[in-house]
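Worksheet: one structure, shown below.
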Amino acid sequence: MRFVWLVFVGLAAAMVLILPRLNRPASLSRRTAGTSTQPTAAPARSISAGAALRGDVQAPGGPTRSDSVVAFGLAQRGTPYAYAGSSPLTGFDCSGFIRYTFARFRIAVPHSTALLIGVGRPVARHEAQPGDIVVFTGTDTTSTTPGHAGIVVSDRGEVPLRFVHASSARREPGVKVSQVEGTDYERRFMQVRRVLEPDPNTTP
């Protein structure tokens with residue numbers, strides 16, 4: 001009988017010592033589950049260099065509209081030349097490229113080099129700035145009428161005057177950047193036309 005009591009007392013003591021330890025992880029789990037955690041910050045949206053260049057996004061502070069037009073036009077470099085073309089999928093001619101670029105910013109210009117000489121207002125060559133349209137005669141040495149055009153990409157007053165255009169040249173045809181000074185474009189130069197006027201709400 002004494003042995004039974006000893007066993008009983010031993011079991012009771014064991015339960016007193018062991019049960020709290022068995023319950024402890026559960027209580028810790030409950031406390032941990034009940035603790036609020038800070039939400040993980042959503043990853044920042046990545047912006048591809050290509051999208052920025054195309055003008056699909058704007059950097060903090062926002063580029064000017066002329067900067068966006070130039071960036072979008074430059075993004076078309078490498079597009080092949082196509083007579084009467086007006087799409088990067090099939091190719092551009094010079095006026096089709098200009099029309100496509102400006103249409104991206106809801107600015108209507110004609111798909112005709114002969115009509116581009118009349119858009120906007122004329123500005124002096126040395127005042128040409130990004131986003132202006134530069135018009136040239138045709139390649140024939142006797143030509144005196146508009147035959148080619150591009151979009152100015154160089155800064156105001158910068159020499160040489162550089163422009164992006166859809167070229168039909170046998171060597172390196174397609175959308176590319178060329179310059180006026182020191183090339184046949186200087187002989188063919190006609191006018192610079194400004195279709196992008198400064199926003200009156202912005203300070204130059």
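Everything numeric here is computed off the predicted structure, so don't read it as measured data. When a residue number appears, it is its place in the shown sequence, counting from 1.
In terms of heavy-atom proximity, S154 sits nearest to L161 at OG-CD1, 3.4 Å. Minimum interatomic distance between R187 and T141 (heavy atoms only, all atoms of both residues): NH1-CA, 3.5 Å. Taking every heavy atom of both residues into account, T79 and Q76 meet most closely at OG1-O, 2.7 Å. Closest approach of P146 to T113, counting heavy atoms only: CB-O, 3.6 Å. Of all non-hydrogen atoms in G131 and V70, the two that sit nearest each other are N-CG2, 3.5 Å.
Remark: side-chain polar atoms of Q179 are paired, donor with acceptor, to backbone N or O of E181 under 3.5 angstrom. Not one N or O on the side chain of R194 forms a donor-acceptor pair closer than 3.5 Å with the backbone of D132. For the pair S143 (side chain) and D140 (backbone), a donor-acceptor distance under 3.5 Å is absent. Formation of a donor-acceptor pair under 3.5 Å by the D93 side chain with backbone atoms of A84 is found in this model. Side-chain N or O atoms of R99 include none that pairs as donor or acceptor with a backbone N or O of P110 at under 3.5 Å. Between the side chain of R188 and the main chain of G138, a donor-acceptor pair closer than 3.5 Å is present. Of the possible polar contacts, none joining the D155 side chain to the E158 backbone as a donor-acceptor pair under 3.5 Å is found.
With ring centers used as reference points, F163 lies under 6.0 Å from F136. The six-membered or imidazole ring of F72 lies near that of Y100, with a centre-to-centre distance under 6.0 Å.
The salt bridge (Lys or Arg N to Asp or Glu O under 4.0 Å) check on E127 picks up nothing, with sequence neighbours excluded.
You'll find the side chain of F92 stays beyond 4.5 Å of the side chain of H165, heavy atoms only.
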Take V177 and L74 through the test side chain to side chain contact (heavy atoms under 4.5 Å, CB included) and record every step on the way to the result.
CA-CA 8 Å; V177 173; L74 290 173; 3.6 Å; yes
Full working for side chain to side chain contact (heavy atoms under 4.5 Å, CB included) between S86 and H111:
CA-CA 8 Å; S86 59; H111 187 177; 3.9 Å; yes
